[in-house]
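All remarks here apply to the structure that follows.
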Amino acid sequence: MKIYENDSNLILEDVSDFDIEDILECGQCFHFLKIADHEYHICAKGRFLHIKQECGSVNKVIFYNTTISDYEEVWKDYFDMNTDYRHIKKMILSIDDRLETAIRAKAGIRILHQDFFETLISFIISQNKQIPHIKQLVHTLSLRYGTRVDGYDEYLFPAVDKLNDVSVDELKECKVGFRAPYIRDAVSRVYNGDIKEDELKCMSVQDAREKLMTIHGVGEKVSNCVLLFGLGRMDVFPVDVWMKRIMEFMYFGKDTKKEIIESFACEKYGEYAGYAQQYLFHYGRENGIGK
DNA sequence: ATCCAGGAGGGCC
DNA sequence: GGCCCTCATGGA
């Protein structure tokens with residue numbers, strides 16, 4: 001991979017296992033806007049990024065108004081560029097080569113290392129909602145309580161202390177519905193230090209999950225998404241309605257409890273469970289498996 | 001119109 | 001522990 005600055009932009013060339021559309025549209029994040037094919041505005045980690053990919057003979061990714069040090073400090077980790085996805089794919093296929101179709105179809109997926117707090121709130125919102133609605137609500141919260149991006153009509157996700165000033169009634173005005181008290185509890189617990197990102201990162205996965213589930217409105221599935229997308233725990237396997245259908249189709253052939261599916265997948269895929277889950281989720285959803 | 005969505009809480013047994 | 005109902009909102 002080549003990396004260089006050009007006219008205040010940052011360019012990556014010969015990027016392997018990277019497709020900005022696969023990465024953003026696979027359901028792991030909700031705070032982005034599609035400008036054109038393979039061109040997006042992303043709000044993440046308290047920053048804004050205008051990014052474009054040109055999939056010609058050279059796989060070229062343009063980070064607009066970005067320096068190498070911005071990349072090293074923020075985006076390199078965000079896009080999980082320290083992980084060798086060729087190796088990840090090889091290991092998953094050695095466990096079950098039936099994932100080859102899914103991996104080939106979505107070869108450019110990467111698991112984003114997202115901001116913990118935004119991930120927590122976003123996946124509390126996600127319950128019993130479709131992805132476009134989740135994006136809409138994250139946008140509403142950001143528009144009302146977040147910081148405007150200089151020069152763009154985009155708003156960063158609000159910081160903890162900002163959301164801590166927002167009441168349940170005000171949250172309901174944002175149309176989050178019955179999730180308003182859930183969000184309120186999550187914000188309070190993070191704000192008062194009862195829920196600490198650093199502490200969760202030092203805990204075992206089981207302990208961290210139990211701690212997260214003490215938040216009102218955070219159950220098995222939401223906590224697993226927070227662990228995977230917001231805390232970098234790749235050995236978890238969130239099971240939602242889609243993954244349930246996909247896994248039943250692939251492995252069980254009958255109605256099976258989510259807990260059974262989750263423990264089965266974690267044992268089968270081990271440290272690669274989170275990656276396997278994302279390939280399967282994106283591929284299965286686009287192909288309507290089980291519907 | 002009726003059903004369902006990247007679920008979880010609460011009541012009941 | 002398991003089962004069933006409910007929760008607010010919007011799109012198909």
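Throughout, protein chains are lettered first and strands after them, A, B, ... in sequence-line order, and every chain is numbered starting at 1.
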> Is there a side-chain contact between A:Y145 and A:Y155 (heavy atoms, below 4.5 Å)?
Replying inline: no

> Checking all strands, does A:K175 fall into the base, sugar-phosphate, or nothing category for heavy-atom contacts under 4.0 angstrom?
Replying inline: sugar-phosphate

>> Categorize A:V239 for me: base, sugar-phosphate, or nothing, with a 4.0 angstrom heavy-atom threshold over every strand shown.
In response: nothing

> At under 4.0 Å between heavy atoms, what does A:P132 touch on the DNA or RNA strands: base, sugar-phosphate, or nothing?
Replying inline: nothing

> With a non-hydrogen cut-off below 4.0 angstrom, is A:C174 in contact with a base, only sugar-phosphate, or nothing?
Replying inline: nothing

> So, are A:E262 and A:R209 salt-bridged, with charged N and O less than 4.0 Å apart?
Replying inline: yes

> Does A:R245 put a side-chain nitrogen or oxygen below 4.0 Å from OP1 or OP2 of B:dA5?
Replying inline: yes

> In whole angstroms, how far is the C1' atom of C:dC7 from the CD1 atom of A:I124?
Replying inline: 15 Å

> Taking side chain as C-beta onward, heavy atoms only, is A:Y64 less than 4.5 Å from A:L10?
Replying inline: no

>> Both A:H216 and A:G27 contact DNA chain B. Which one's nearest nucleotide lies toward the 5' end?
In response: A:G27

>> Can you check the distance between C:dC4 and B:dG6, where both ends of the measurement are the P atom (answer in whole Å)?
In response: 24 Å

> How far does the C1' atom of B:dA8 sit from the matching atom of C:dG11, given to the nearest Å?
Replying inline: 22 Å

> Starting at CZ of A:R179 and ending at P of C:dG10, how long is that distance when rounded to a whole Å?
Replying inline: 11 Å

> Hey, does A:F123 reach any base, or is it just sugar-phosphate, or nothing, if we go heavy atoms under 4.0 Å?
Replying inline: nothing

>> Taking the minimum atom-to-atom distance to the side chain of A:Q136, which one of C:dA8, C:dG11, B:dG6 wins?
In response: C:dG11

> Mapping A:Y182 and A:I134 to their closest nucleotides on DNA chain B, which lands nearer the 5' end?
Replying inline: A:I134

> When only distance counts, do a donor and an acceptor, one from the side chain of A:D240 and one from the base of B:dA5, lie under 3.5 Å apart?
Replying inline: no

> Between B:dA5 atom C1' and A:F281 atom CZ, what is the distance in whole Å?
Replying inline: 11 Å

> Side chain of A:E259, base of C:dG2: donor and acceptor closer than 3.5 Å?
Replying inline: no

> Which of the following nucleotides, B:dG9, B:dG6, C:dC7, is nearest to the side chain of A:F178?
Replying inline: C:dC7

> Roughly how many Å is it from CD1 in A:I261 to P in B:dG6, rounded to a whole number?
Replying inline: 16 Å

> When the ring planes of A:Y272 and A:Y275 are compared, do they come out parallel, tilted or perpendicular, using 30° and 60° as the limits?
Replying inline: tilted

>> Does this structure show an ion pair linking A:E25 with A:R285, if we count only N-O contacts that are shorter than 4.0 Å?
In response: no

> With nearest nucleotides of DNA chain C determined for A:V176 and A:H133 from heavy-atom distances, which residue corresponds to the more 5′ nucleotide?
Replying inline: A:V176

> What do the steps show when you test A:F79 against A:I20 for side chain to side chain contact (heavy atoms under 4.5 Å, CB included), and what is the final call?
Replying inline: CA-CA 10 Å; A:F79 286 107; A:I20 193 63; 3.8 Å; yes

>> From CD of A:Q127 over to C1' of B:dG7, roughly how many Å is that when rounded to an integer?
In response: 5 Å

> Can you tell me how far C1' of B:dG6 sits from CD1 of A:I131, to the nearest Å?
Replying inline: 6 Å

>> Taking the C1' atom in each of C:dG10 and B:dG9, what is the distance between them to the nearest angstrom?
In response: 23 Å

>> Using OP1 and OP2 only, check whether a side-chain N or O of A:K258 sits under 4.0 Å from B:dA8.
In response: no

>> Nearest whole Å is fine: how far is C:dG2 C1' from A:K257 NZ?
In response: 7 Å

>> What is the separation between atom CE on A:M243 and atom C1' on B:dG6, rounded to the nearest whole Å?
In response: 10 Å

